[in-house]
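Please read the structure below before turning to the comments.
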2 protein chains.
Amino acid sequence: MKRRHATLSDIAKALNVSASTVSRALHDSPLIGKETKDSVISMAKALNYRPNQQAIGLLNKKTKIIGVIVPEITGYFFATAINGLQDFVENTGYKLIIGQSNESFDQEAKLMETLSLARVDGLIISPTSETTSNIHLENFRESGIPVVVFDRDCPHFLSDKVFVDDYEGAFQAVNYLIKTGCRRIAHLGGPGNLTTCRCRKRGYLDALIQNGIRQDPQLILEVSGFTPDCGEEAIRDLLNREAIPDAIFAVNDAVAIGTMPVILEKGLRIPQDISLIGFDDEPYSRFFKPSLTSVWQPVYELGLLSGRILMNHILCSPEDYTYRREILKPELVLRQSSKPLM
Amino acid sequence: MKRRHATLSDIAKALNVSASTVSRALHDSPLIGKETKDSVISMAKALNYRPNQQAIGLLNKKTKIIGVIVPEITGYFFATAINGLQDFVENTGYKLIIGQSNESFDQEAKLMETLSLARVDGLIISPTSETTSNIHLENFRESGIPVVVFDRDCPHFLSDKVFVDDYEGAFQAVNYLIKTGCRRIAHLGGPGNLTTCRCRKRGYLDALIQNGIRQDPQLILEVSGFTPDCGEEAIRDLLNREAIPDAIFAVNDAVAIGTMPVILEKGLRIPQDISLIGFDDEPYSRFFKPSLTSVWQPVYELGLLSGRILMNHILCSPEDYTYRREILKPELVLRQSSKPLM
DNA sequence: ACCTTCCATGCAAACCTTTGCATAAATATT
DNA sequence: AATATTTATGCAAAGGTTTGCATGGAAGGT
């Protein structure tokens with residue numbers, strides 16, 4: 001049976017009082033007498049009264065909804081970040097509306113349009129690899145809605161930001177490769193307009209430089225996406241070049257995984273002939289053969305912290321607010337796809 | 001600068017007309033004169049007017065929000081289902097609020113409470129493995145909110161339902177194992193109160209029966225979760241028993257993957273000594289060594305169809321509605337972890 | 001010139017909640 | 001006994017939108 005939700009005035013009518021009295025009673029206002037309060041409360045329970053969030057929202061211009069936009073949701077990385085975010089949000093009374101941009105600027109803009117229409121109280125976003133303009137973000141911020149950018153930066157956009165230290169992670173990985181004797185280290189980098197990918201590449205290059213190794217353009221490739229297929233394509237290309245590497249630092253575990261079958265099928269051994277290091281430390285990475293050395297990222301914390309910062313911004317007075325920029329530390333996880341130190 | 005959104009009456013004041021005229025003009029009502037209409041429309045554009053969904057929702061008791069509850073979001077299965085769901089919803093104007101129950105009944109109930117408070121227009125849910133009571137679902141349905149149950153069934157709850165044919169998938173997998181000469185086929189089954197797991201087990205048992213093979217209780221284990229760790233634990237237990245299997249049908253790819261290192265480390269070969277088949281066909285499954293034979297499920301379609309059915313129910317008149325029950329077909333994907341047919 | 005008809009627009013209520021102000025009754029003060 | 005004070009409650013507006021009904025004017029018909 002479809003039945004209407006009970007409202008304040010339903011309770012009011014039942015008790016012969018006014019709706020305002022009921023409202024105050026339920027908010028435990030000191031203005032209301034003890035008896036009235038009790039009867040209101042028990043009647044509310046009897047009618048299974050739930051305040052209408054829409055009406056409240058209309059009044060105080062809040063929706064208690066946070067918008068989240070990620071490039072995709074099916075991969076380990078963003079799914080885990082969202083997981084952290086949700087765990088944070090769980091007890092705050094806020095809800096999450098999640099959208100996927102699928103690495104398309106148009107979809108991202110459209111999603112932001114939708115979220116803006118839905119009047120979200122805040123936005124947490126990791127921009128697409130196509131996102132070069134910030135107008136849509138600026139619009140958002142100008143209408144007074146706090147925005148947190150996470151994982152991938154929007155360089156000229158002013159807001160709270162939460163990242164992982166991609167540079168540091170990459171540097172450590174490549175430095176490790178060098179320490180284990182590798183000299184011809186290839187890099188399968190991601191789309192160059194993503195800050196994460198640029199940072200990882202810089203980490204790679206700096207590690208080479210600091211160890212006095214000349215970079216070889218032949219060994220640096222840019223993959224178009226983050227899937228095993230992209231890795232497969234890239235490694236085929238790479239192994240056809242004259243310069244065969246003795247190590248590969250991939251932008252991603254998925255890309256690294258995609259190279260494995262190709263490498264092995266060419267009769268090359270991992271790590272004896274080619275060391276392999278990925279990035280992300282996905283849960284499955286330890287189950288491949290050989291198990292994959294990778295750079296672990298505090299993804300869950302990334303999501304959690306983004307939520308915490310946004311929430312703080314939402315509750316803060318908008319005047320004296322200064323934007324925060326947090327950088328979390330990654331960690332190299334050694335496994336069989338790279339050589340041991342000695 | 002934080003500035004208020006333009007409202008109908010802002011436009012009205014600017015043009016010296018009434019708010020109702022503006023509303024009608026923007027809805028292209030035939031009651032409004034051409035000139036007025038044009039001026040309203042251009043003024044609306046100038047002021048960047050966006051209708052306030054909360055006010056509209058308050059009026060017609062709709063939120064255009066769909067609640068989604070899944071046990072977890074970080075795994076491939078549910079993330080992909082949500083992906084399908086989101087793609088469906090994208091152009092409908094509906095938004096998705098997603099919650100994770102983490103296989104906890106209490107969390108599930110709490111999430112439903114939250115979604116009910118948020119006045120969602122519909123609910124799509126895959127219940128936890130703890131969910132035995134349906135009261136929370138019944139409450140939902142009784143307040144007139146359409147519910148779609150997907151993947152995992154709530155046996156005595158009446159609603160739209162969308163499943164994958166787990167029985168069929170399991171039957172095919174085990175039947176294939178038998179056809180390739182396996183006789184001592186173990187089953188690492190999932191939590192017994194999940195319908196999906198029970199169906200897979202029934203498929204397993206029926207395949208044995210139809211091929212005249214006696215089931216051996218020693219070969220049937222129940223794992224407590226869907227992670228590689230659970231698989232690892234189970235296989236250690238299994239291989240310590242007197243009866244060593246010549247094949248394993250796991251409830252899950254993740255569980256199957258967890259068994260691999262243990263099997264290989266015991267000096268057993270896959271598939272020569274032990275064939276291995278999983279369920280789900282996760283994207284990484286083809287990258288393990290040996291690559292994993294698995295039962296592919298149309299997960300994306302599962303999410304998509306759930307959305308379509310819910311949407312249809314929401315728009316339908318509530319009277320003459322008859323619940324639907326859709327079953328999608330899985331498909332066995334052969335790889336190296338099982339023996340070839342001849 | 002008057003009545004009908006039609007077209008374009010405005011008024012006001014409804015959706016539900018919160019809150020400043022007013023009011024009524026009861027008690028305390030002089 | 002009359003006024004001041006406290007205590008408990010109601011009224012009404014606001015928030016933004018939609019929509020049935022009423023109204024105003026102009027055009028058409030006789």
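Per chain, numbering begins at 1; letters A, B, ... match sequence-line order. Fair warning: this is a prediction, and the values are worked out from it, not measured in the lab.
- Helix-axis bend for the helix from C:dA1-D:dT30 to C:dT30-D:dA1: the local axis fitted to the five terminal pairs at one end deviates from that at the other end by 70°, rounded to 10°.
- Whole-Å rounding puts the A:Gln53 CD to D:dG15 C1' distance at 16 Å.
- In this entry the distance linking CG of A:Leu8 with C1' of D:dC11 reads 15 Å, nearest Å.
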Worksheet item: Step by step, would you call B:Val147 with B:Tyr323 a side chain to side chain contact (heavy atoms under 4.5 Å, CB included)?
Response: CA-CA 10 Å; B:Val147 176; B:Tyr323 293 120; over 6 Å; no
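- Taking atom CD1 of residue A:Ile32 and atom P of nucleotide C:dT19, one finds them 13 Å apart after rounding to whole Å.
- Side chain of B:Ala55, nearest nucleotide from D:dC11, D:dA14, D:dG16: D:dG16.
- Residue B:Ser23 has a polar side-chain atom (N or O) positioned under 4.0 Å from OP1 or OP2 of D:dT18.
- The separation between B:Leu59 atom CG and C:dA12 atom C1' is 13 Å, rounded to whole Å.
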Discussion item. Quick one, A:Phe78 with A:Ile73, criterion side chain to side chain contact (heavy atoms under 4.5 Å, CB included). Give me CA distance, side-chain angles, the key distance, then yes/no.
Written reply: CA-CA 6 Å; A:Phe78 287 112; A:Ile73 200 190; 5.9 Å; no
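- Taking for each of B:Val17 and A:Pro51 the nucleotide of DNA chain C with the nearest heavy atom, the 5'-most of the two is the partner of B:Val17.
- Listed nucleotides: C:dT17, C:dT9, D:dG16. Nearest to the side chain of B:Thr36: C:dT9.
- If you check distances only, the side chain of B:Arg24 does reach the base of C:dG10 with a donor-acceptor pair under 3.5 Å.
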Practice prompt. Dump the intermediate steps for side chain to side chain contact (heavy atoms under 4.5 Å, CB included) on A:Phe140 and A:Leu115, then the final yes or no.
Written response: CA-CA 10 Å; A:Phe140 234 78; A:Leu115 293 177; 4.3 Å; yes
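- Phosphate proximity of D:dG10 to A:Thr21: present, with a side-chain N or O under 4.0 Å from OP1 or OP2.
- Using cut-offs of 30° and 60° for the angle between ring planes, the B:Tyr321 and B:His313 rings count as parallel.
- Separating the NZ atom of B:Lys37 from the P atom of C:dC7 is a distance of 13 Å, rounded to the nearest angstrom.
- Looking at which nucleotide of DNA chain C each of B:Asn60 and B:Ala19 is closest to, the 5′-most match is held by B:Ala19.
- In this structure, CG of B:Leu58 is placed 12 Å from P of D:dT17, rounded to the nearest angstrom.
- As judged by a 4.0 angstrom heavy-atom cut-off over every strand, A:Asp10 is placed among residues making no nucleic acid contact.
- Taking only side-chain nitrogens and oxygens, A:Ser18 comes nearer than 4.0 Å to OP1 or OP2 of D:dG10.
- Contact check on A:Arg50 versus B:Glu113 returns a salt bridge, with a Lys/Arg side-chain nitrogen under 4.0 Å from an Asp/Glu carboxylate oxygen.
- A donor and an acceptor atom sit less than 3.5 Å apart, one in the side chain of B:Ser20 and one in the base of C:dC11.
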Worksheet item: A:Leu137 and A:Met112: side chain to side chain contact (heavy atoms under 4.5 Å, CB included), yes or no, with the steps?
Response: CA-CA 8 Å; A:Leu137 287 165; A:Met112 292 192 57; 3.9 Å; yes
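- Residue A:Ile56 places its side chain closer to C:dT18 than to any other of D:dT17, D:dG10, C:dT18.
- Looking at which nucleotide of DNA chain D each of B:Leu31 and B:Tyr49 is closest to, the 5′-most match is held by B:Tyr49.
- Between B:Lys61 and C:dC16 there is a side-chain N or O to OP1 or OP2 distance below 4.0 Å.
- Here C:dA14 presents its P atom at 21 Å from NZ of B:Lys62, a figure rounded to the nearest Å.
- The pair A:Lys34-A:Asp38 meets the salt-bridge criterion, since a charged nitrogen lies less than 4.0 angstrom from a carboxylate oxygen.
- Between A:Asn52 atom CG and C:dA14 atom P the separation is 17 Å, expressed in whole Å.
- The one candidate from A:Thr80, A:Asn83, A:Asp87 that meets the side chain to side chain donor-acceptor pair (under 3.5 Å) condition with A:Tyr300 is A:Asp87.
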